[in-house]
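To start, the structure under review is shown below, and the notes come after it.
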Amino acid sequence: GVINENWVLAIDPAYFDLTGGIERWLYRLARKHGGRSKNGWGFSFKVLYEKSGSLARFSDFAFDLRRLAHKQSLPGYQLSLSMDAKGNECLQIMWIA
């Protein structure tokens with residue numbers, strides 16, 4: 001049973017229209033980490049790669065992240081690319097109200 005309803009994450013019905021495994025994984029990660037935070041959050045590509053457990057080459061994984069940021073297919077979230085202070089490419093995820 002659920003003790004507190006606020007601890008349950010709802011999934012947007014559009015999630016089930018996502019076709020790529022990385023898209024679904026990234027959506028679930030966004031819901032878990034960012035939820036509906038108005039400030040959003042971001043991770044470096046390297047951290048996302050390690051968290052994902054992907055068997056793809058890092059360069060292919062990074063290409064997929066860039067493609068997703070361009071495509072904007074995560075329901076309820078906006079993706080953008082940035083660079084951190086060390087010059088690492090990062091993915092920023094912002095909840096859209």
Side-chain angles (χ1 to χ4, degrees):
V2 176
I3 297 171
N4 185 335
E5 238 178 66
N6 293 329
W7 295 346
V8 177
L9 294 176
I11 300 244
D12 189 306
Y15 164 82
F16 298 101
D17 294 332
L18 297 176
T19 56
I22 192 169
E23 283 177 307
R24 287 179 173 224
W25 171 78
L26 196 55
Y27 177 82
R28 291 189 309 268
L29 187 76
R31 293 294 297 132
K32 178 181 175 185
H33 284 281
R36 294 185 175 194
S37 169
K38 294 188 193 265
N39 297 327
W41 57 272
F43 281 123
S44 72
F45 280 20
K46 290 181 182 185
V47 168
L48 288 171
Y49 181 68
E50 291 168 4
K51 283 182 152 304
S52 75
S54 175
L55 298 177
R57 293 182 315 183
F58 175 74
S59 59
D60 293 334
F61 181 83
F63 177 82
D64 287 340
L65 291 180
R66 289 185 205 100
R67 180 181 53 80
L68 290 175
H70 177 74
K71 189 176 167 186
Q72 295 296 326
S73 61
L74 291 190
Y77 292 93
Q78 181 177 349
L79 305 177
S80 62
L81 302 174
S82 66
M83 298 293 264
D84 68 13
K86 295 180 182 178
N88 297 313
E89 199 166 10
C90 297
L91 183 69
Q92 304 295 323
I93 301 178
M94 181 78 66
W95 177 65
I96 303 170

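These numbers come from a predicted model, not from an experiment.
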Taking the side chain as every heavy atom from C-beta outward, state whether [X] and [Y] have any atom pair closer than 4.5 Å.
| X | Y | result |
| --- | --- | --- |
| Leu29 | Leu48 | yes |
| Asp12 | Leu74 | no |
| Leu65 | Leu26 | yes |

query = Which atom pair, heavy atoms only, marks the closest approach of Gly42 to Gln92?
reply =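 Distance-wise, the nearest heavy atoms are CA-OE1, 3.6 Å.
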ask   = What closest approach, in Å, do Leu18 and Glu23 show between heavy atoms, and which atom pair accounts for it?
value =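 Scanning both residues completely, I find the closest heavy atoms to be CD1-O, 3.9 Å.
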Inter-residue atom distance [X].[atom1] - [Y].[atom2], 0.5 Å rounding:
| X | Y | atom1 | atom2 | answer |
| --- | --- | --- | --- | --- |
| Met83 | Asn88 | CE | CG | 7.5 Å |
| Lys71 | Leu79 | NZ | CG | 11.0 Å |
| Gln72 | Ser80 | CD | OG | 8.0 Å |
| Glu50 | Ser44 | CD | OG | 7.5 Å |
| Lys46 | Cys90 | NZ | SG | 10.5 Å |

query = Among Phe61, Phe43, Trp25, Phe63, which residue meets the ring pair (Phe, Tyr, Trp, His ring centres under 6.0 Å) test with Tyr49?
reply =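 With Tyr49 as partner, Phe61, Phe43, Trp25, Phe63 yield a single ring pair (Phe, Tyr, Trp, His ring centres under 6.0 Å), made by Phe61.
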inquiry  = Once salt bridge (charged side-chain N to carboxylate O under 4.0 Å, His left out) is applied, do any residues pair with Arg67, and if so which ones, sequence neighbours excluded?
reply    =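 Arg67 satisfies salt bridge (charged side-chain N to carboxylate O under 4.0 Å, His left out) with Asp64 once adjacent residues are dropped.
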task = Spell out, yes or no, whether Phe16 and Tyr27 are grouped together once hydrophobic residues are joined by side-chain heavy atoms under 4.5 Å, including indirect joins.
result =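 Yes, one cluster joins them.
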ask   = Which residues pass the ring pair (Phe, Tyr, Trp, His ring centres under 6.0 Å) test with Phe45, sequence neighbours left out?
value =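 For Phe45 there are no ring pair (Phe, Tyr, Trp, His ring centres under 6.0 Å) partners, ignoring immediate neighbours.
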